[in-house]
Peer 1: 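What follows is a structure written as C-alpha cells; I'll ask about it next.
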Amino acid sequence: MSYKCDDCFATATYIASNPKKPSWVDEYYCDHCVKVNALDCGLTVTAVHPPSKGYMQHLPADGNFTEDDLWEAIAEANGVDASEIMDGDLVEWL
Ligand SMILES: [Zn+2]
C-alpha cells in the first residue's frame, strides 16, 4: 500500500500524527510538505516504509509460508540478508 501526500498528492514519505487526535486522523506528507505542515506544527512524524511491497512476489502464491519464509522474502526484496533483519520487528517490514 502506498500513500499520497495530503497536500500535493506526491508519494507520501511521512506519516504525521497529532498527539491530540486519535490515530485514525494520521496525515500523510511528502518530503517537501512534511516540514511546513507537520514538523513546523509540532506533529509527530514517522517515515513511511518504501511503498514497494516487493516481498509479496517472493512468497508462495498459495499463501502457505512460515515466518521464516516471510523474512527471506522481505530480505530478498530489500537486497539484504535475512539474518541482518530477522532480529527486528516483523511488523515494521509489512
Ligand atoms: Zn506534498
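Order of appearance sets the numbers: ligands from 1, and atoms from 1 within every ligand. Because the structure is a prediction, the values reported are computed rather than measured.
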Peer 1: If hydrophobic residues (ILVMFWY) are linked whenever their side-chain heavy atoms come closer than 4.5 Å, directly or via other members, who joins Leu39 in its cluster?
Peer 2: Tyr14, Tyr29, Val34, Val45
Peer 1: What protein N/O/S atoms sit under 2.8 Å from the Zn ion (ligand 1), by chain and number?
Peer 2: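 Short answer, with waters excluded from the count: Cys5 SG, Cys8 SG, Cys30 SG, Cys33 SG.
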Peer 1: To the nearest 0.5 angstrom, please state how far the CD1 atom of Ile74 sits from the CD1 atom of Ile85.
Peer 2: 6.0 Å
Peer 1: Counting N and O atoms only, with roles assigned by atom type, does the side chain of Asn78 sit under 3.5 Å from a partner on the main chain of Val80, one being a donor and the other an acceptor?
Peer 2: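 Not at all, since once roles are kept as given, no pair shorter than 3.5 Å links the two residues.
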Peer 1: Starting at NE2 of His32, measure out to OG1 of Thr13 and round the result to the nearest 0.5 Å.
Peer 2: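 Going from NE2 on His32 over to OG1 on Thr13, the span is 11.5 Å.
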Peer 1: Holding to salt bridge (Lys or Arg N to Asp or Glu O under 4.0 Å), I want the full list of residues that pass it with Lys35, two or more places apart in sequence or in another chain.
Peer 2: Asp40
Peer 1: Hydrophobic clusters join Ile, Leu, Val, Met, Phe, Trp and Tyr when side-chain heavy atoms are under 4.5 Å apart, directly or via other members; which others share one with Phe9?
Peer 2: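 Grouped by the 4.5 Å side-chain rule, Phe9 forms a cluster of one, so the answer is none.
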